[in-house]
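Single-structure report; data block below.
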Amino acid sequence: MSIEIIEESTDSLPDYGEVSIAFEVKSQLRVESIENGLGGFQFKEEEIRDPYIKDADQIEGEGPLQWSKTMDTTHWGVLSAYNDSQRVGGAVVAWKTPGIYYMLEDHDDVAALWDIRIHPDHRSQGIGSQLLNRVADWARDKGCRLLKIETQNNNVSACRFYESQGCTLGAINRYAYPDLPEEIQLLWCLEL
């Protein structure tokens with residue numbers, strides 16, 4: 001399969017959002033603190049008794065159709081992956097964006113992988129690696145030294161993917177999602 005990745009404007013977000021981000025949760029990473037965290041943390045993968053589908057686009061106020069309505073996307077990049085003329089995935093990178101302090105910390109040299117998605121029929125074929133490499137290049141071109149990536153403990157395949165791409169787990173926030181107390185925020189960092 002020959003994949004072409006092109007940069008598009010944020011006007012393409014409705015088309016970008018047509019690629020599903022949904023995935024089946026079959027397991028999760030249980031985070032255990034050692035000595036109340038002073039001794040570090042340990043992760044153990046455990047199966048979910050009742051697997052379920054998680055679709056972040058279905059959460060109220062989330063998804064590509066909402067981003068331009070709720071945030072300044074002036075400095076965002078939309079990188080779309082095509083197989084021939086078929087959109088098979090994409091990634092959105094945020095930079096210099098007020099309102100997402102927890103990711104960018106008001107630093108002009110930090111970018112955030114805001115979203116990455118691969119069509120379910122094209123997952124595990126290397127498209128994610130190609131997109132992450134293009135995101136890193138995009139951020140470097142803006143003078144960024146660090147790329148941050150948010151995921152959750154119930155997206156085990158994403159965690160394993162980021163680790164395999166050279167990302168380092170930079171933060172664990174067990175209380176990030178009050179409406180989803182079983183989910184733990186994991187922030188990955190990729191030094192550029």
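We count residues from 1, following the sequence as given.
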message: Between Glu183 and Gln152, do the side chains contain a donor N or O and an acceptor N or O under 3.5 Å apart?
response: no

Heavy-atom closest pair, residues Gly128 and Ile116: O-CD1, 4.0 Å

message: Treating Asn83 as the side-chain partner and Gln86 as the backbone partner, does any N or O pair qualify as donor plus acceptor under 3.5 Å?
response: no

field: Student check: side-chain heavy atoms of Trp188 and Leu113 closer than 4.5 Å
entry: no

- prompt: Passes side chain to side chain contact (heavy atoms under 4.5 Å, CB included), Glu32 versus Ile34? Steps please.
  reply: CA-CA 7 Å; Glu32 297 176 347; Ile34 302 167; 5.9 Å; no

query: Honestly curious: do Leu169 and Phe41 fall in one hydrophobic cluster under the side-chain, below-4.5 Å linking rule?
result: yes

- request: Establish, from distance only, whether the side-chain atoms of Tyr102 and Glu150 form a donor-acceptor pair under 3.5 Å.
  value: yes

field: Connected via hydrophobic side-chain network under 4.5 Å: Val78 and Val19
entry: no

Side-chain (Asn153) to main-chain (Leu29) donor-acceptor, under 3.5 angstrom: yes

- prompt: Hey, any chance Phe161 and Val135 share a hydrophobic cluster, counting ILVMFWY side chains that come within less than 4.5 Å of each other, even indirectly?
  reply: yes

task: Kindly indicate whether the side chain of Ser33, heavy atoms from C-beta on, has any atom under 4.5 Å from the side chain of Arg174.
output: yes

- line: Between Ala91 and Leu131, the two heavy atoms sitting closest are N-CD2, 4.1 Å

- prompt: With hydrophobic residues grouped by side-chain heavy-atom distances under 4.5 Å, do Leu186 and Val156 end up in a single group?
  reply: yes

message: Please determine whether side chain to side chain donor-acceptor pair (under 3.5 Å) holds for the pair Tyr52 and Asn154, giving the CA-CA distance in whole Å, both sets of side-chain angles, and the decisive distance to 0.1 Å.
response: CA-CA 10 Å; Tyr52 61 95; Asn154 62 355; 3.0 Å; yes

message: Under the criterion side chain to side chain contact (heavy atoms under 4.5 Å, CB included), I'd like the reasoning laid out for Ile184 against Asn173: C-alpha separation, chi angles, the key distance, then a yes or no.
response: CA-CA 6 Å; Ile184 297 171; Asn173 188 344; 6.0 Å; no

message: For the backbone of Asp121 and the side chain of Gln125, can you confirm whether one donor and one acceptor N or O come within less than 3.5 Å of each other?
response: yes

message: Counting C-beta onward and ignoring hydrogens, is there a side-chain heavy-atom pair between Leu147 and Val93 closer than 4.5 Å?
response: yes

- prompt: Salt-bridged, Asp57 to Arg117, with N to O below 4.0 Å?
  reply: yes

- request: State plainly whether the residues Arg140 and Asp137 are in salt-bridge range, i.e. N to O under 4.0 Å.
  value: yes

- prompt: Among Glu8, Glu4, Arg134, Glu7, which residue meets the side-chain hydrogen bond (donor to acceptor under 3.5 Å, both in side chains) test with Ser80?
  reply: Glu8

task: Flag yes if Ile118 and Tyr16 sit in one hydrophobic cluster, no otherwise; membership is Ile, Leu, Val, Met, Phe, Trp, Tyr, and two members link when side-chain heavy atoms are under 4.5 Å apart.
output: no

statement: Rounded to the nearest 0.5 angstrom, the CG-CD distance for Asp179 and Glu60 is 10.0 Å

query: Looking only at heavy atoms, what is the nearest atom pair of Pro64 and Gly17, with distance?
result: CG-CA, 3.6 Å

message: To the closest 0.5 Å, what do you measure between CG (Asp108) and CZ (Arg145)?
response: 11.0 Å

query: Going by heavy atoms in the side chains, are Trp138 and Asn133 under 4.5 Å from each other?
result: no

query: Can you name the nearest heavy-atom pair linking Leu190 to Gly166, along with the distance?
result: CD1-O, 3.8 Å

- prompt: What distance separates Ile3 CD1 from Ile127 CD1, expressed to the nearest 0.5 Å?
  reply: 4.0 Å

query: Hey, does the side chain of Ser12 reach the backbone of Ser9 with a donor-acceptor pair shorter than 3.5 angstrom?
result: yes

task: Determine, step by step, whether Phe23 and Arg123 satisfy the side chain to side chain contact (heavy atoms under 4.5 Å, CB included) criterion, reporting the C-alpha distance in whole Å, the side-chain angles of both residues, the deciding distance to 0.1 Å, and the verdict.
output: CA-CA 11 Å; Phe23 64 94; Arg123 292 179 182 163; 4.1 Å; yes

query: Is there side-chain contact between Ile100 and Met71, with at least one heavy-atom pair below 4.5 Å?
result: yes

query: Going by heavy atoms in the side chains, are Lys26 and Glu47 under 4.5 Å from each other?
result: no

- prompt: Is the closest side-chain donor-acceptor distance between Gln165 and Ser129 under 3.5 Å?
  reply: yes

query: Is there side-chain contact between Val110 and Cys144, with at least one heavy-atom pair below 4.5 Å?
result: no

field: Atom pair CG/CG of Leu146 and Asp109 - distance to nearest 0.5 Å
entry: 8.0 Å

message: Given 3.5 Å as the limit, does a donor-acceptor pair link the side chain of Thr168 with the main chain of Gly170, or not?
response: no

query: Is the closest side-chain donor-acceptor distance between Glu45 and Gln28 under 3.5 Å?
result: no

Nearest-0.5 Å distance that lies between atom CZ in Arg30 and atom NZ in Lys44: 6.0 Å

message: Any side-chain to backbone donor/acceptor pair from Thr97 onto Trp95? Under 3.5 Å, distance only.
response: yes

- prompt: In Å and rounded to the nearest 0.5 Å, what is the CG to CD distance from Asp115 to Glu62?
  reply: 10.0 Å

Within-4.5 Å side-chain heavy-atom neighbours: Val92 and Trp76: yes

- prompt: Could Lys148 and Glu105 be called an ion pair, given the rule that one side-chain N must be under 4.0 Å from one carboxylate O?
  reply: yes

